[in-house]
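Here is the structure we will look at, set down as structure tokens.
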Amino acid sequence: MKPFLTAATAALILAAGLARPHAVAAETVQAAATAARERINIDKDWRFAYGHADDAEKDFRHGLRPFFFAKAGYGDGPANADFSDMAWRKVDLPHDWAVELPFDARGNTNHGSKAIGHPFPENSVGWYRKVIDIPASDKGRRIALEFDGVYRDSVVWVNGHYIGTEPSGYSGFRYDITDYLNYGGHNVIAVRADATTEEGWFYEGAGIYRHVWLTKTDALHVAQWGTFVRTTVDGAKARLDIDVTVDNDGKAPETFAIRQEVFAPDGRKVAEGETTQLTVKAVASGDFTSTVTVDQAQLWSLETPHLYRLRTTILTNGVVSDSYDTTFGIRTVVFDPDKGFFLNGKNLKLQGTNNHQDHAGVGVALPDGLQTWRLKQLKSYGVNTYRASHHPPTPELLDEADRLGMLVIDEHRMMGTTPEIRGQMERMIRRDRNHPSVIIWSLGNEEWALEWNELGTRLAVEMQADAKRLDPTRRTTVATSGSGQGVSLGADVIGFNYGAQHDVDAFHRAHPDKPAMMSEEGSTLTTRGIYFDDRAASHLNAYDRQGRPGNSLSIEEGWRRVQERPWMSGMVIWTGFDYRGETTPFGWPAISSQFGMTDTTGALKDTAWYLKSVWTQKPMVHILPHWNWAGREGQAIDVRVYSNGDTVELFQDGKSLGRQTLVKDSHLKWSVPYTPGKLTAKSYIDGKLVASNEVVTTTDPATVTLTPDTTNLKADGADISVVWVNVTDKAGRIVPVAGNRVNFETSGPIRVIGVGNGDPGSHEADRPAERHAYHALSGWRSLAINSLDGGPAVADTADTATWRDPTQWLPPEAQPPATKGLVLRGQFARPVLTPGGVITLYIDRLGEGQTVYINGVTVEPKTVDGALVVDVDPASLKDNNNLAYVFATPEGGVQGLYDRSVGATKWGTLRVTTPAAPWQRSVFNGWAQVIVQSTGQPGKATLKAVSDGLKPAVVAFTARSPS
Ligand code: GAL
């Protein structure tokens, strides 16, 4: 294909001097690291500690210092750059602290009964701190801190300066911190997240659970999310209208050129253009549009998700000021009121699932590889549409949906038109509008206060107008439980939540011009591998049936209704994956929902097999239930079969129980008296055997097996392998009633980051984590001495009554004369030790020649990350203990050591650690899952699974340096 660009099509339409869109959030698109632009991931090596939602003393005294907010740079407690976080836990992002908390009956069942929220102020605030180095050579560049999502109510400080607040737990946000940085030195980022109040009615996690980036650009640069490639397919060609927003953060107007280059999926350049003499005023933005044409456009589709790349280069006097890459796809999307959904002119039904963003083991802190794994798991049973309910998804999910070929309904969190809510929608649309996977903007979901009234229509109309301004290429929808009035009339496409609560046909007749989809259907209540209800265990049988009769339909009935209506664009099932919270119908002690087609680990339930039979073509047949019914001998068991064949014959121990013809989109049913043995289903198409499946009564558990999705990891500290854990009998058959507990150990450069088993009644830990309690030392006293030998001043019995209180300020004239040395003494009470607890004392380096005494006895600190660390023997402690340091007098004397904004954090923090419980999990009905991750080092590693009385399993991994 030859590059196609004529003077006419390359004409850049200048619209300079437009008002800059208000400051918005983090960067998702694929900008290349060039000399002009750097995008640096800063997920690694953060420090984390629990603060406190109600008690400032326990919130590291944050908010107590006079002027802490009133004066720029007066951030106090951990917000201050000088605060010492040496005793805090080290974490890598993404991190969800909620998943590490225990379950508690006082927790909100809608959120999975974790010990977080109003009753748990000690667990509801998380502090994160990180030091970054900014080279002196960065002076003059624009530097921005970009968060893809923090749950929630986050406040950010840089070097003690308040930077901003973001209430949303789902919107990306960005702060230009250029002016606050220390060039050629350390810079401290502090983030306080408060998850006390909730946004949704499902598990939402807590903390910095998405990536954080540092973006460095020239003053003249492409704005955040500043490109938009609008594609129009015209026969074999595609016209690309490319919008670029250029920010000029400099103090002088700029004249520049924009070069656009388009690269085909195979990397060849297929179009380019350049326009010169563009201008943008100082401290302003300009919007520019150019048009190029691509010949023989390779369309993005579910089967062939072709992706193009646009490279936008800004040239100032021939020098590159910025280089910015945008991934996009060329495709057409139509929602037709009579014929339903079309992708590239091809009619197809949306075969969708709704999904929240949590996964077994890791909560909402999904490594990128888990986004990929989850999308593939959905695709494995024929899902082609993902509704990001009810909030914008993590950017990497959309990148992967683009690559794998998955349609996405991208959803805004809450309806409204105030600047805050409008701004969040704007950030979602700007961030996501180049993704070919995104087919529609969902403006909201079941807004009960609006669904039926005129306000609903008004808000939907206003939000739709806003969405169209930002993206004229896509339509909008609102998912609603009330149709006919209100919200349902506002957006382009109606999203019906649950067929049984709408008269969809009456709506269609009354609004023949409005396309429609079932934005939610199902909400069926099934537990994987359970076939008789056991309500005490929060288990509900896995046979497909209505979850809420009169309100929602079974999966099969829902799908049949969609199939019967050509105008209905498709069905998006509630949900793909089970998720924590919404423990319908149980409440506590259940901890997760049961609406999924898979459990929280992604293990398929039988309803997923039904969908596989109607949504996929490769011949398959599936029998339910399993055939381990000890104690039910002779009892008739309801046996069902799903298949995409046309007839199925069922055999019990080789004897035919008859052949039945499948009604399209349905299932087959036999009533079979149980005897231990085997059921076999054979599926035929036109009389030809195409697939068979059997369920066999197993013998007792004998072996643990591990099945990783990969054993090759990138040694990048992020790559994962999702490993199935099964308990099998001696013939290697998964024992469908096994519940053995399995312990996991690793060796080499991998770590376990989460375990799960999909049991909605299990209170086992998904992610056991160490917990620290911090005890500030008190009663500080100092004494100036003329040597570095503490002598009697460090003795346990020393009388400090006449010593100075070093936290009290003295005017310079009242300062004692400089001496050779200082003794600093503090006190601490014997801390309460939890079982297995460990006491550690952390001390900053206060001065030259520092020595440390506890109760008069000298101790030898280790040096860890620059801090002095003392492992304290609990047996050596008294009820009240004395700590003493001796060191050379620093500049400014003892006064120079004290900082009111951070208290005495540097002088000593006593940390009591409750170690993390070991990694272990019981299999649930024979299955569990363990997720392992590279630690960042290359090399060989192993994961071992051990269970009492069973043969253990070992898997070998190789972590390779990214080349
Ligand atoms: C819907 C709602 C979903 C979920 C579901 C459970 O009404 O939109 O978020 O709560 O019910 O059945």
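Along the sequence shown, the residues carry numbers beginning at 1. Keep in mind that this is a model prediction, so the values were computed, not measured. Side-chain atoms are counted along with the backbone in the values below, which use heavy atoms only and exclude waters and symmetry mates. Counting starts at 1 for both ligands and their atoms, in listed order.
Residue Ala491 comes nearest to Ala460 through the heavy atom pair N-CB, 4.1 Å, listed as atom of the first residue, atom of the second, then distance. Heavy-atom minimum distance, Val438 versus Arg474: O-NE, 2.7 Å. The two atoms that bring Ser380 and Lys612 nearest to each other are O-NZ, 3.1 Å, heavy atoms only. Of all the heavy atoms in Gly484 and His511, the pair that sits closest is O-NE2, 4.3 Å.
Every protein residue with a heavy atom nearer than 4.0 Å to ligand 1 is included here: Trp201, His390, Asn445, Glu446, Asn497, Tyr498, Glu520, Ser523, Arg548, Trp574, Glu582, Phe595.
Between Asp466 and Lys468 no salt bridge is recorded (no basic side-chain N to carboxylate O distance below 4.0 Å).
If you look at Tyr610 and Tyr642, their ring centroids are closer than 6.0 Å.
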